[in-house]
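To start, the structure under review is shown below, and the notes come after it.
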Amino acid sequence: MIGYLRGRVLLLESEGCLLDVNGVGYRLILPAHLLSGLRMGQDAAFYTHLQVREDALSLFGFPDVAEYELFLLLLTVSGIG
């Protein structure tokens, strides 16, 4: 599992960003408040959660452990996720 990434923001997208980590690009889905503060070319670090579904792989990024743990807690609630 991918648990943490640090790299340079290559591209900002509507739901997240493309993060260059030593030449490998990771597409991250980010919270809106975090996305609004990012700039292309900026160094950034994220705690991550890889969600595996039969039709998609989604990599979610969070700026700190507290937001990451809250996300994991919400995934345990029936009907969310």
Side-chain angles (χ1 to χ4, degrees):
M1 176 187 274
I2 302 167
Y4 178 83
L5 292 171
R6 183 176 59 212
R8 181 157 299 188
V9 177
L10 285 181
L11 181 66
L12 295 173
E13 300 176 326
S14 61
E15 293 186 347
C17 75
L18 188 63
L19 188 71
D20 176 8
V21 180
N22 295 323
V24 178
Y26 293 89
R27 181 161 276 120
L28 295 167
I29 300 169
L30 303 171
H33 73 88
L34 178 60
L35 184 58
S36 65
L38 285 180
R39 301 291 173 252
M40 288 183 9
Q42 146 184 14
D43 288 335
F46 305 99
Y47 293 91
T48 62
H49 175 76
L50 178 62
Q51 184 178 65
V52 179
R53 298 200 172 184
E54 61 183 61
D55 62 338
L57 294 172
S58 300
L59 189 59
F60 294 88
F62 304 93
D64 55 50
V65 173
E67 282 192 43
Y68 169 73
E69 289 177 346
L70 177 60
F71 179 80
L72 294 180
L73 184 61
L74 287 173
L75 289 179
T76 66
V77 177
S78 180
I80 296 181

*Those residues that, when tested against Tyr47, pass side-chain contact (heavy atoms from CB on, under 4.5 Å) (two or more places apart)*: Tyr4, Val65, Tyr68
*For Phe71 and Phe62, what are the C-alpha separation, side-chain angles and deciding distance, and is it a side-chain contact (heavy atoms from CB on, under 4.5 Å)?*
CA-CA 9 Å; Phe71 179 80; Phe62 304 93; 3.2 Å; yes
Drop me the distance from [X]'s [atom1] to [Y]'s [atom2], to the nearest 0.5 angstrom.
X     : Y     : atom1 : atom2 : value
Leu19 : Leu5  : CG    : CG    : 6.0 Å
Leu59 : Leu57 : CG    : CG    : 9.5 Å
Asp20 : Leu10 : CG    : CG    : 4.5 Å
Cys17 : Arg8  : SG    : CZ    : 13.0 Å

*asked:* With a 4.5 Å cut-off on side-chain heavy-atom distances among I, L, V, M, F, W and Y, is there a chain of contacts connecting Val21 to Met40?
replied: yes
*Examine distances only and state if a side-chain atom of Ser58 and a backbone atom of Gln51 form a donor-acceptor pair shorter than 3.5 Å.*
no
Give every donor-acceptor pair under 3.5 Å between a side-chain atom in residues 23-33 and any protein atom, sequence neighbours left out.
from, atom 1, to, atom 2, distance (Å)
Arg27, NE, Glu13, OE1, 2.9
Arg27, NE, Glu13, OE2, 3.1
Arg27, NH2, Glu13, OE2, 2.9
His33, NE2, Glu67, OE1, 3.1
His33, NE2, Glu67, OE2, 3.3

*Indicate the atoms forming the closest heavy-atom contact of Leu35 with Gly16, along with that distance.*
CD1-O, 3.3 Å
*Derivation of the side-chain contact (heavy atoms from CB on, under 4.5 Å) call for Leu75 and His49*: CA-CA 11 Å; Leu75 289 179; His49 175 76; 3.6 Å; yes
*asked:* In the structure I gave you, are the side-chain heavy atoms of Val9 and Asp43 within less than 4.5 Å of one another anywhere?
replied: no
*Within-4.5 Å side-chain heavy-atom neighbours: Val52 and Leu50*: yes
*Decide if atom CD of Gln42 counts as having more than 12 heavy atoms of other residues, nucleotides or ligands within a radius under 6.0 Å.*
yes
*Atom CG of Asn22: over 12 foreign heavy atoms under 6.0 Å*: no
